[in-house]
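Structure first, commentary second.
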Amino acid sequence: MELLLKYFPTLTPTQIAQYTQAVSLYEEWNARINVISRKDMEHFVLHHLLHSLGIAKIHPFLVGLKVLDVGTGGGFPGIPLAILYPEVSFHLVDSIGKKIKVVQEVATALGLTNVTSQQARVETLEGQYDYIVSRAVTQMADFYKLTKHLLKPVTNKGDKRGILYLKGGDLTEELAAFPSATVYNLSEVFEEDFFETKKVVVL
């Protein structure tokens, strides 16, 4: 947990215990249902926990918000963010049933009462959320088209709403149609080499 505490020194004992337990839970589930590549599993804290928490470094969540995690896979970035923000509601969605089963089992084992999950395609979802998070599911143009109906409308000038998207590589061409998008380099937040090309796109 030294790596997480390096960047999140104010984690509570409960949160440290949950992140620690998450590592063993994912090792156990991954041996049964391959939701994370075995190579990645060797660097689980760096590649999955810390990478997911990059969103929190760029755009912290306020108490009471509703966040949708689209294409969550085994629960990323939703599960790590839900541990960090116990007073924010997270709804994790993926079209693959076995991945959602892992999400449900992990969330239950960790005692995450702020997490719900669902097997569904995003275009069939209803409801509205303050933020939509995801980790490189598809091109931003396609992602925005599929998810924009799920964002709460901005009713007051100070309202904060939007998409927080973990992506890598050169995004110039992909984001050309989104002049309001802001790209943050995670290499400016985390010093590990893994984050050299990793970014958070805020739209």
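Quantities reported herein were computed from a predicted structural model and do not represent experimental measurements. Computed over heavy atoms, backbone and side chain alike; hydrogens, waters and symmetry mates excluded.
- Contact record, P86 with L84: CD-O, 3.3 Å, taken as the closest heavy-atom pair.
- Looking only at distances, a side-chain donor or acceptor of N114 sits under 3.5 Å from a matching main-chain atom of A82.
- No more than 12 heavy-atom neighbours from other residues, nucleotides or ligands sit within 6.0 angstrom of CD on E173.
- Residues I83 and L110 form a side-chain contact, since some pair of their non-hydrogen atoms from C-beta on lies under 4.5 Å apart.
- A distance of 10.0 Å separates CD of E123 from CG of L150, quoted to the nearest 0.5 Å.
- Environment of NZ in K145: sparse, with no more than 12 heavy atoms of neighbouring residues, nucleotides or ligands closer than 6.0 Å.
- Rounded to the nearest 0.5 Å, atoms CD1 (I163) and CE (M140) are 5.5 Å apart.
- Atom CD of residue Q21 and atom CD of residue E28 lie 9.5 Å apart, to the nearest 0.5 angstrom.
- Note on D130 versus R161: salt bridge recorded, some NZ/NE/NH1/NH2 to OD/OE distance being below 4.0 Å.
- Using a 4.5 Å cut-off on side-chain heavy atoms (C-beta onward), T182 and Y184 make contact.
- The distance from the OG atom of S187 to the CD atom of E192 is 11.5 Å, given to the nearest 0.5 Å.
- Between H91 and Y129, some side-chain heavy-atom pair lies under the 4.5 Å cut-off.
- The two atoms that bring L125 and A120 nearest to each other are CD2-CB, 3.9 Å, heavy atoms only.
- Other residues, nucleotides and ligands place more than 12 heavy atoms under 6.0 Å from the CD atom of Q128.
- Contact detail for S180 and L203: the closest heavy-atom pair is OG-CD1, 3.6 Å.
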Show the atom names and distances, to 0.1 Å, of all donor-acceptor pairs under 3.5 Å that link a side chain in residues 54-72 to residues at least two apart or in another chain.
| residue | atom | partner | partner atom | Å |
| --- | --- | --- | --- | --- |
| K57 | NZ | Y7 | O | 2.6 |
| H59 | NE2 | Y131 | OH | 2.8 |
| D69 | OD2 | T72 | OG1 | 2.7 |
| D69 | OD2 | G78 | N | 2.8 |
| T72 | OG1 | F76 | N | 3.2 |

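- With rounding to the nearest 0.5 angstrom, the OH atom of Y26 is 11.5 Å from the CD1 atom of I33.
- The side-chain heavy atoms of F143 and I132, taken from C-beta on, include a pair separated by under 4.5 Å.
- The hydrophobic clustering, which links ILVMFWY residues whose side-chain heavy atoms are closer than 4.5 Å, places V102 and I100 apart.
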- Message: Working note: V45 + M1, criterion side chain to side chain contact (heavy atoms under 4.5 Å, CB included); need CA distance, chi angles, decisive distance, verdict.
- Response: CA-CA 8 Å; V45 175; M1 285 300 107; 4.2 Å; yes
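- Ion pairing between a basic and an acidic side chain is recognised when a charged N comes within 4.0 Å of a carboxylate O; R32 and E105 show no such pairing.
- Side-chain contact between Y165 and V133 is absent, with no heavy-atom pair separated by less than 4.5 Å.
- Remark: Y144 OH is loosely packed, at most 12 non-hydrogen atoms of other residues, nucleotides or ligands lying under 6.0 Å away.
- The aromatic rings of F190 and F195 are tilted relative to each other, their planes meeting at an angle between 30° and 60°.
- Results of the ring-ring contact (aromatic ring centres under 6.0 Å, His included) test with F194 over H43, H48, H51 single out H51 as the only residue that passes.
- With Y19 contributing its side chain and P80 its backbone, the two residues share a donor-acceptor pair below 3.5 Å.
- A heavy-atom distance below 4.5 Å is found between the side chains of I16 and L5.
- Put simply, the side chain of V115 does not reach to within 4.5 Å of the side chain of Q104, judged on heavy atoms.
- The CG atom of L166 sits 10.0 Å away from atom NZ of K198, with the distance rounded to the nearest 0.5 Å.
- Counting heavy atoms of neighbouring residues, nucleotides and ligands inside a 6.0 Å radius, atom CG of D142 exceeds 12 of them.
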